[in-house]
Amino acid sequence: ETYDQSGFLGMVKAFLSSSPSPPLKPPPLLCTSISGNGGNWAMSLAVVSESILLYLDEAGDEDASVDLSCVIGASSGSGATMVFMNLLANPNFGIADPGTATHRQARTIARALGFMGMIVDMQQDDMLGEAREVALEKARDWGDGAWEKLVTSTSVAGLFLPFARALVMARRMDTAWLDLPVEELITSQH
């Protein structure tokens, strides 16, 4: 549309019609901090999952967006943070902008966190197997002085050993897994 720019009102109309639209408001930022809790990081995943679901239930609008990228963790919470970030980066969840998700996508991420929490809730045998691996690595790397150092605090590989299965799974899992009956997950080759 063109305006007669000879008068003041014409110039104002021309300026307003050519001005860029106002910038879009960024989506709300949902932040979480995950601390270590004595190795029960499955609980950390469950708490983050439920926090996201609670936010979404209160917010309502399933087509709105939320930024989930504000997460930090310490100790075993760092493993939970890495699992969470791998889920956000997993292309199967369809989140184009790392961290910014529709409420529907965020609900799927929350369900996946709960799912991952069930998987990483390690059985006693798993914990004993990992303790054996740590002991072998300590003896191999440091010999007689091995027990004066804690491998999980001095090597990246040692730190993430308990989280390896969940990290790989979070990066590769398919959202369809969330709808499978538990019995099928146990007995099939998904």
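Positions are given from 1 along the sequence.
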Look at the side-chain heavy atoms of Ile, Leu, Val, Met, Phe, Trp and Tyr, link any pair under 4.5 Å apart, and say whether [X] and [Y] land in one connected group.
X    : Y    : result
M116 : M43  : no
L45  : L167 : yes
L178 : L56  : yes
F93  : I52  : yes

Separation between [atom1] of [X] and [atom2] of [Y], rounded to the nearest 0.5 Å:
X   : Y    : atom1 : atom2 : result
L68 : L29  : CG    : CG    : 9.0 Å
S49 : L54  : OG    : CG    : 11.0 Å
L87 : R111 : CG    : CZ    : 12.5 Å
I34 : T81  : CD1   : OG1   : 4.0 Å
I95 : T108 : CD1   : OG1   : 8.5 Å

Kindly give the heavy-atom pair with the smallest separation between [X] and [Y], and that separation in Å.
X    : Y    : result
F115 : W177 : CE1-O, 4.0 Å
S35  : S44  : O-OG, 4.0 Å
A42  : G117 : CB-O, 3.3 Å
A166 : V83  : CB-CG2, 3.7 Å

### Query
Knowing that exactly one of V66, V71, D67 qualifies, which makes a side chain to side chain contact (heavy atoms under 4.5 Å, CB included) with S69?
D67
Measure the shortest side-chain to side-chain distance between [X] and [Y] over non-hydrogen atoms and say whether it is less than 4.5 angstrom.
X    : Y    : answer
L88  : Q105 : no
I109 : F84  : yes
E50  : L53  : yes

### Message
Whether the side chain of N86 engages the backbone of M82 through a donor-acceptor N/O pair (distance < 3.5 Å, no angle test) should be reported.
### Response
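Yes.
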### Task
Taking N92 for its side chain and T175 for its backbone only, find out whether a donor-acceptor pair lies under 3.5 Å.
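Not a single qualifying donor-acceptor pair exists.
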### I72 atom CD1, neighbour heavy-atom count above 12 within 6.0 Å
no
### Task
Over 60° means perpendicular and under 30° means parallel, so classify the ring planes of Y55 and H103, tilted if in between.
perpendicular
